[in-house]
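A short write-up of the structure that comes next.
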Amino acid sequence: MTAARTQSSKPRGVQLPVTVSWGIGLALAAAVISGFSVWVNSYAVKDVRDPAVFTTAKNLLVGAALLTLLLRPGSTAPTLPRTWRKRSMLFALGVVGGSIPFVLFFEGLARSGPGNAAFIQKTLFLWVAVLAVPLLGERIGRWQVMALGLLVLAQLLIGRPGSWRPGDGELLVLAATAFWTVEAVVARRLLPEVGAALGATARMALGGALLFGYLLTQGKVDTLVNLNAEQWRWIIITSAILLIYVATWYSALRRAPATVVTSILTLGAPITAILATWSGKPSPNGEQWLGYAILAAALLIVATITRRGAATHVVAST
């Protein structure tokens, strides 16, 4: 009796409801954080000019922070998946999410125009939808198909590719997007079992370690070690934002369909545009603002249909 009382009196962390509605809300929060992060990073990369070094430093710091939080004294010890298959999926989050795609993306970005790279990367939601139906059993009705079509149209209006002829750079960015697509599907399958905290830690800690290995092969570790105080200041600021983003994004993927979460993340683009305009950069043109409006309408359809579907499922199962 006393032991039971002592155990129940231990402080527990805040537990958010595991519902689709909360997943949508967390995805919206992740989109806002993403839009703010892109804006901040646009200033940070001017000081830390090597993208690979910049990304490795951030991933290492975030991975270390998440690992510290996960293993802090008094916290519940993380429970690893029971099967080796699920454990390999946890390992895969660091490989296909936190390391390889970053190398491919930045190498592709160096070989192609930034507009082409950005457009390809922003089609992530489309590829996730293609895989989520057969692999996750997610249902996409006619309203969702229409919303996905509107999102594609919005991306074309916001920033269509400068050329429709893919080169080596575009293919590398497409490969990076394919890895992030697989990550979203794996995370959606795994996170309901292991939780967002363990999944995010595996992604960032293992991914950071693998990226550090990449720096070793490229002879760039000295660049990382010799970063000055101003550069580290930017890395710490952007790492803090990345920590909040990854935790929020994985929490959303634990609760809501992968297609829904990745679609909502596209809302980050207009957030970045608004912040850029506020900070004195050229305002988006009329065509781009139209794209942002279509994007918002499409996401409203996605969120509404998903919430109604979740509510119908609850009623039907009671």
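This is a predicted model, so every value here is computed, not measured. Side chains included, hydrogens not; waters and symmetry mates left out as well; all remaining heavy atoms used. This chain uses plain numbering: 1 for the first residue, then up along the sequence.
Residue Val260 is grouped with residue Leu151 when hydrophobic side chains (ILVMFWY) are merged at heavy-atom distances under 4.5 angstrom, including chains of intermediate members. Connection of Val62 to Trp249 is established within a shared hydrophobic cluster, with ILVMFWY side chains joined at heavy-atom distances below 4.5 Å, either directly or through further cluster members. In the hydrophobic clustering of ILVMFWY residues, with side-chain heavy atoms under 4.5 Å counting as a link, Trp39 and Leu243 come out together. Leu60 and Ile244 are assigned to two separate hydrophobic clusters, defined by single-linkage of ILVMFWY side chains at heavy-atom distances under 4.5 Å. Placement of Trp22 and Val18 in two distinct hydrophobic clusters is found when ILVMFWY residues are connected by side-chain heavy-atom separations under 4.5 Å, directly or transitively.
With a 4.5 Å cut-off on side-chain heavy atoms, Phe119 and Leu156 count as touching. Looking at heavy atoms from C-beta onward, Val173 lies out of side-chain contact with Leu104 at the 4.5 angstrom threshold. Between Leu66 and Leu70 the shortest side-chain heavy-atom distance does not fall below 4.5 Å. Residues Leu16 and Leu26 form a side-chain contact, since some pair of their non-hydrogen atoms from C-beta on lies under 4.5 Å apart. By the 4.5 Å heavy-atom criterion applied to side chains, Leu295 and Leu299 are counted as neighbours. When side chains are defined from C-beta on, Ile301 counts as touching Leu150, because their heavy atoms get closer than 4.5 Å. Between Ser37 and Leu242, every side-chain heavy-atom pair lies at or beyond the 4.5 Å cut-off. Annotation: side chain of Val45 is not in contact with side chain of Pro51 (no heavy-atom distance under 4.5 Å).
Here the side chain of Ser34 pairs no donor or acceptor atom with the backbone of Ala30 at under 3.5 angstrom. Between the Ser279 side chain and the Ala276 main chain, a donor and an acceptor come within less than 3.5 Å of each other. Side chain of Thr56 to main chain of Phe212: no donor-acceptor pair is present (N/O by atom type, distance under 3.5 Å, no hydrogens or angles).
Distance CD1/Ile33 to CG/Leu28: 11.0 Å, rounded to 0.5 Å. Taken from CZ in Phe125 to CD in Gln155, the straight-line distance is 5.5 Å, to the nearest 0.5 Å. Considering CG of Leu93 and OG of Ser88, their distance stands at 10.0 Å, rounded to 0.5 Å. Separation of atoms CD1 (Ile140) and CD1 (Ile305) is listed at 13.0 Å; rounding is to 0.5 Å. Atom CH2 in Trp127 sits 13.5 Å away from atom OG1 in Thr259 (nearest 0.5 Å). With rounding to the nearest 0.5 Å, the separation of CG in Leu290 from CD1 in Ile294 is 4.0 Å.
Within a 6.0 Å radius of CZ in Arg139, no more than 12 heavy atoms belonging to other residues, nucleotides or ligands are found. Annotation: Tyr43, atom OH; neighbour count of heavy atoms from other residues, nucleotides and ligands within 6.0 Å is above 12.
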| request: Start with the C-alpha distance between Trp234 and Thr238, add both sets of side-chain angles, then the distance that settles side chain to side chain donor-acceptor pair (under 3.5 Å), and finish with yes or no. | output: CA-CA 6 Å; Trp234 278 114; Thr238 53; over 6 Å; no
| task | Could you give me the CA-CA distance, side-chain angles and deciding distance for Ser263 and Gln144, then say whether side-chain contact (heavy atoms from CB on, under 4.5 Å) is met? | result | CA-CA 10 Å; Ser263 295; Gln144 288 93 333; over 6 Å; no
Could you pull out all donor-acceptor pairs under 3.5 Å where a side-chain atom in residues 185-211 meets a protein atom, sequence neighbours excluded?
residue : atom : partner : partner atom : Å
Arg188  : NE   : Ala256  : O            : 3.3
Arg188  : NH1  : Leu253  : O            : 2.9
Arg188  : NH1  : Arg254  : O            : 3.0
Arg188  : NH1  : Ala256  : O            : 3.4
Arg189  : NH2  : Leu135  : O            : 2.2
Glu193  : OE1  : Lys86   : NZ           : 2.6
Thr201  : OG1  : Ala197  : O            : 2.7
Arg203  : NE   : Glu183  : OE2          : 2.5
Arg203  : NH2  : Gly97   : O            : 3.2

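Exactly one of Phe54, Trp180, Phe179 qualifies for a ring-ring contact (aromatic ring centres under 6.0 Å, His included) with Phe102. That residue is Trp180. Of the residues Val53, Leu215, Asn226, the one that meets the side chain to side chain contact (heavy atoms under 4.5 Å, CB included) test with Val221 is Leu215.
The minimum heavy-atom distance between Ala27 and Leu265, with the atom names listed, is O-CD2, 4.2 Å. Counting all heavy atoms, side chain and backbone alike, Leu224 lies closest to Trp232 at O-CZ2, 3.9 Å. For the pair Ala303 and Ile24, the tightest heavy-atom approach, listed with the atom from each and the gap, is O-CD1, 3.8 Å. Val96 approaches Pro101 most closely through the heavy-atom pair O-CG, 3.2 Å. In terms of heavy atoms, Thr306 sits closest to Val302 at OG1-O, 2.6 Å. Pairing each heavy atom of Leu136 with each of Ala258, the nearest pair is CD1-CB, 4.1 Å.
Between Tyr292 and Trp289, the ring planes are perpendicular. Angles over 60° get that label, and only those under 30° would be called parallel.
Partners of Asn228 under the side chain to side chain contact (heavy atoms under 4.5 Å, CB included) rule, at least two apart in sequence or in another chain, are Glu230, Gln231.
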